[in-house]
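Taking it in order: structure first as structure tokens, then the write-up.
Chain identifiers are assigned alphabetically (A, B, ...) following the order of the sequence lines, protein sequences preceding nucleic acid strands; residue numbering begins at 1 within each chain.
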Amino acid sequence: MKNTLFILAGPTAVGKTDLSIELAKRLNTEIISADSRQVYKEMNIGTAIPSKEQLSEVKHHMIQNKSIPEYFSAGKYELEVLDILKNLFRKKKSVLLTGGSGMYIDAVCKGIDPLPPPDKTIRRKLTHKFETEGIESIRFDLKHIDPEYYESVDLNNPKRILKALETWYQTGKKYSSIVKGKAKNRPFNMEYIVLERDRQKLYDRINQRTDIMFDNGWIDEAKKLHKHKGINALNTVGYKEIFAYFDGIHSLERAKELIKRNTRHYAKRQITWFKRYENAFRIHPEETEKIFIFVENALSQANE
RNA sequence: GGUACCAUAGCUCAGUUGGUAGAGCAAUGGACUGAAAAUCCAUGUGUCCCUGGUUCAAUUCCAGGUGGUACCA
């Protein structure tokens, strides 16, 4: 008999939070958030953190337990979550992992090859090289350093190329020799539930939620974070558009429009990612009864 | 009511010296093993307002109609 990790995934604003609370109560278990921005304690309104009541109803992990200046990554996330799971599975038959960060979910479910945390100096140098000499220059370096990876990377995507170069300068090893992409075995079952909603309805919800966030004082929250604007954690839909408003780049109205649009784009990327989960149970978030039945069936099979 | 201007993609508009059309934005599809709410790639969308005329051929020229905008009354 194995324990089961239920993965509740879906695009932003689809309705994950409310459902996850209900599901966790039903399963008498705890929630691990799989959200790359909800881990930061300084952000609240703009990352749609569950309400105080919700947080008190069900214990949540990996929510607001990091600070914006801290370096965090999918690799760290994997290790921390595996640790939490080890403990939780001592007393719980099932645990709920819920969120919209596909790479974080995959890091837990499939594993991620070990890389060291980035060296700031090396990253700065490489970024500077890219910014001053252009993408050709870093492509050229990659071709000589790691020809195998050069063949398979997206050569238009500077971040991918820079990561591989950074790895080489830090470890002396080729990125392609470290990153194998082979899924690891996990000592628990994994059941995917992917939440889906009509596209137009989802977009309506995004638009409404954005307006509500502003009504709830998002601007004041962002004002306090403005001084940290260069930090990666704040390279986040919503905050960047509000910062641009503070900096006089565009109006508040324009910022709101851009936030809605960029959130829609983000949701689209998430939907694309979750199409990978071939064996997922795909369902509308309000079909709670069907979801409960799915969950119970999965658990009884795991007990056989 | 009169005069002028306008009517082309979901929106804002360009264009065709007459040979059925293209930009931006929006939208859509995709990639993605450590910056991932990040980053990157790809793709169109059409009674060219309606009716008639001229013409081998009209979205384009002409006339009338309809709608809009501005000014005059």
Side-chain angles (χ1 to χ4, degrees), chain A residues 9-14 16 33-40 43 45-49 66 68-81 99-120 122-124 126-127 130 135 138-139 149 152-167 170-171 175-184 199-200 202-203 206-207 209-210 213 230-243 254 257-276:
Chain A
T12 189
V14 78
K16 293 186 291 293
S33 165
D35 189 301
S36 71
R37 295 295 126 110
Q38 288 186 353
V39 297
Y40 296 107
M43 292 192 271
I45 297 168
T47 52
I49 295 286
K66 309 281 166 207
I68 277 172
E70 269 179 70
Y71 172 76
F72 194 61
S73 70
K76 287 190 172 222
Y77 180 80
E78 177 198 12
L79 299 179
E80 286 188 38
V81 170
S101 300
M103 194 159 77
Y104 282 30
I105 292 173
D106 288 0
V108 170
C109 297
K110 297 175 187 158
I112 194 162
D113 294 298
L115 285 179
D119 177 304
K120 275 188 185 157
I122 292 173
R123 178 168 287 193
R124 208 177 306 122
L126 287 168
T127 308
F130 163 62
I135 197 160
I138 55 171
R139 272 184 198 154
Y149 190 56
S152 64
V153 251
D154 177 356
L155 290 169
N156 288 312
N157 192 331
K159 287 201 177 181
R160 302 271 151 73
I161 299 175
L162 289 169
K163 186 69 207 169
L165 293 178
E166 182 180 286
T167 303
Q170 263 186 270
T171 64
Y175 184 81
S176 62
S177 74
I178 297 176
V179 172
K180 294 295 180 198
K182 199 165 166 281
K184 290 177 196 159
R199 186 69 61 95
Q200 195 50 54
L202 181 68
Y203 287 178
I206 287 173
N207 294 341
R209 193 181 65 175
T210 305
M213 285 171 167
I231 292 176
N232 178 61
L234 289 167
N235 184 194
T236 298
V237 173
Y239 293 90
K240 33 182 182 181
E241 294 83 355
I242 298 177
F243 293 159
R254 180 65 181 151
E257 277 170 29
L258 287 174
I259 290 169
K260 289 172 185 175
R261 183 197 68 185
N262 292 339
T263 306
R264 292 197 293 271
H265 289 171
Y266 169 50
K268 229 168 91 51
R269 275 178 272 132
Q270 290 176 298
I271 291 167
T272 301
W273 187 291
F274 297 137
K275 282 180 187 166
R276 294 181 186 189

Under 4.0 Å between a side-chain nitrogen and a carboxylate oxygen: does that hold for K182(A) and D113(A)? no

How is T47(A) classified with respect to the nucleic acid when contacts are heavy atoms under 4.0 Å: base, sugar-phosphate, or nothing? base

Please classify the nucleic acid contact of K182(A) as base, sugar-phosphate, or nothing, using heavy-atom distances under 4.0 Å. base

Represent RNA chain B in dot-bracket notation, 5' to 3'. Only Watson-Crick or G-U wobble pairs with both distances under 3.5 Å count; pseudoknot-style crossings use [ ] and interstrand partners use |. (((((((..((((.....[..)))).(((((.......))))).....(((((..]....)))))))))))).

Grab the OH-P distance between Y239(A) and rA38(B) for me, whole Å please. 14 Å

Of all residues at least two apart in sequence or in a different chain, which pass the salt bridge (charged side-chain N to carboxylate O under 4.0 Å, His left out) check with K66(A)? E80(A)

Is the phosphate of rC32(B), meaning OP1 or OP2, less than 4.0 Å from a side-chain N or O of R160(A)? no

rG15(B): syn or anti, with syn meaning chi within 90° of zero? anti

What integer distance in Å separates L115(A):CG from rA35(B):C1'? 13 Å

Output yes when E257(A) and K260(A) qualify as a salt bridge under the 4.0 Å nitrogen-oxygen rule, no when they do not. no

Looking at W273(A), is R269(A) sitting on its ring face, NZ or CZ under 6.0 Å from the six-membered ring centre and within 45 degrees of the normal? no

How is K110(A) classified with respect to the nucleic acid when contacts are heavy atoms under 4.0 Å: base, sugar-phosphate, or nothing? nothing

What nucleic acid atoms does R199(A) come within less than 4.0 Å of, heavy atoms only: base, sugar-phosphate, or nothing? sugar-phosphate

Taking atom C1' in both rU8(B) and rG68(B), what distance in whole Å separates the two? 16 Å

Is E78(A) salt-bridged to K184(A), going by a charged N under 4.0 Å from an acidic O? yes

Taking rG46(B) as the reference, what is the distance to rG15(B) when you measure between their C1' atoms (whole Å, please)? 14 Å

Please give, in whole Å, the distance from rG34(B) C1' to N232(A) CG? 11 Å

